[in-house]
Amino acid sequence: MIVSLASPVELATEIGKSLRLARAAQGLRQEDLSSRSQASLQAIKNLENGGKVELVTFLRVARTLGMVENILDACQPTPQSLDEIERIEAARMESSRVRMRVRP
């Protein structure tokens with residue numbers, strides 16, 4: 001599959017397969033993962049089948065399976081030009097500024 005051309009449904013299905021494989025590789029049943037991640041069994045089933053779940057639930061499951069670093073790496077922007085690099089750096093600087101409220 002060419003990821004950049006995949007639909008959101010196709011991506012969810014592929015992510016679900018990856019989660020299922022990671023769970024199986026660790027010898028966990030869906031019930032075990034549910035208990036460890038504090039996600040409902042139905043949420044685990046939905047995730048593994050490419051269904052809808054809350055982002056927080058997805059992250060709980062991913063953390064339990066040791067996949068958070070991979071997700072964060074995948075979410076990093078990949079600039080295609082010098083302009084994009086400059087915009088990304090400007091956004092990083094903006095988000096790291098400490099904002100202080102001045103009270104009258």
Side-chain angles (χ1 to χ4, degrees):
M1 172 194 322
I2 301 172
V3 176
S4 61
L5 300 177
S7 72
V9 172
E10 291 170 325
L11 291 172
T13 300
E14 288 302 311
I15 290 169
K17 287 178 186 177
S18 294
L19 292 170
R20 184 171 41 252
L21 290 173
R23 176 182 58 76
Q26 294 179 33
L28 298 173
R29 298 173 305 134
Q30 287 180 328
E31 294 82 3
D32 301 328
L33 182 56
S34 171
S35 176
R36 291 184 187 186
S37 66
Q38 297 179 341
S40 71
L41 180 57
Q42 188 58 53
I44 302 298
K45 291 178 180 184
N46 288 349
L47 266 172
E48 291 188 359
N49 290 315
K52 295 179 183 178
V53 297
E54 290 186 15
L55 178 59
V56 172
T57 301
F58 167 68
L59 293 173
R60 280 186 188 135
V61 172
R63 182 187 61 207
T64 302
L65 293 172
M67 300 174 79
V68 173
E69 290 296 323
N70 296 338
I71 292 167
L72 290 175
D73 288 344
C75 290
Q76 293 300 311
T78 52
Q80 303 297 316
S81 68
L82 184 55
D83 284 343
E84 287 183 15
I85 292 171
E86 290 172 351
R87 285 193 295 271
I88 290 167
E89 289 305 315
R92 282 191 179 126
M93 295 294 286
E94 181 67 26
S95 68
S96 67
R97 284 189 194 163
V98 175
R99 293 187 176 109
M100 297 180 67
R101 178 184 285 176
V102 177
R103 295 182 183 187

CD1/I44 to CG/L33 distance, rounded to the nearest 0.5 angstrom?
-> 4.0 Å
Would you check if the side chain of S35 reaches a backbone N or O of E31 as a donor-acceptor pair within less than 3.5 Å?
-> no
Would N49 and R20 satisfy side-chain contact (heavy atoms from CB on, under 4.5 Å), going step by step from the backbone distance to the final call?
-> CA-CA 9 Å; N49 290 315; R20 184 171 41 252; 4.1 Å; yes
CZ-CG distance between R60 and L55, expressed to the nearest 0.5 angstrom = 10.5 Å
Which value, rounded to the nearest 0.5 Å, describes the distance between R87 atom CZ and L82 atom CG?
-> 10.0 Å
Side chains of L59 and R63: closer than 4.5 Å at any heavy-atom pair?
-> no
Does R23 have any side-chain hydrogen bond (donor to acceptor under 3.5 Å, both in side chains) partners at least two apart in sequence or in another chain, and if so, which?
-> E48
Side-chain cluster (under 4.5 Å, hydrophobic types only) that L5 belongs to, other residues = I2
L47 side, atom CG; Q42 side, atom CD - distance, nearest 0.5 Å = 10.5 Å
Under a 4.5 Å side-chain heavy-atom rule over Ile, Leu, Val, Met, Phe, Trp and Tyr, are I71 and V53 clustered together?
-> yes
Heavy atoms of I88 and P77 approach each other most closely as CD1-CB, 3.6 Å
Does CD belonging to E54 count more than 12 external heavy atoms closer than 6.0 Å?
-> no
Does Q26 reach the main-chain N or O of L65 with its side chain, forming a donor-acceptor pair under 3.5 Å?
-> yes
Backbone of V9 reached by a side-chain donor or acceptor of T13 within 3.5 Å | yes
Nearest atoms (heavy-atom pairs only) where S40 meets S34 | C-OG, 3.5 Å
Which heavy atom of S37 sits nearest a heavy atom of V61, and at what distance?
-> OG-CG2, 3.8 Å
E84 and Q80: which non-hydrogen atoms are nearest, and at how many Å?
-> OE1-N, 2.8 Å
Measure from the side-chain N and O atoms of N46 to the backbone N and O of A43, and report whether any donor-acceptor pair falls under 3.5 Å.
-> no
Residues that, via side-chain heavy atoms closer than 4.5 angstrom, fall in one hydrophobic cluster with L21 | none
Between CD1 of I15 and CE of M67, what distance do you get to the nearest 0.5 Å?
-> 9.0 Å
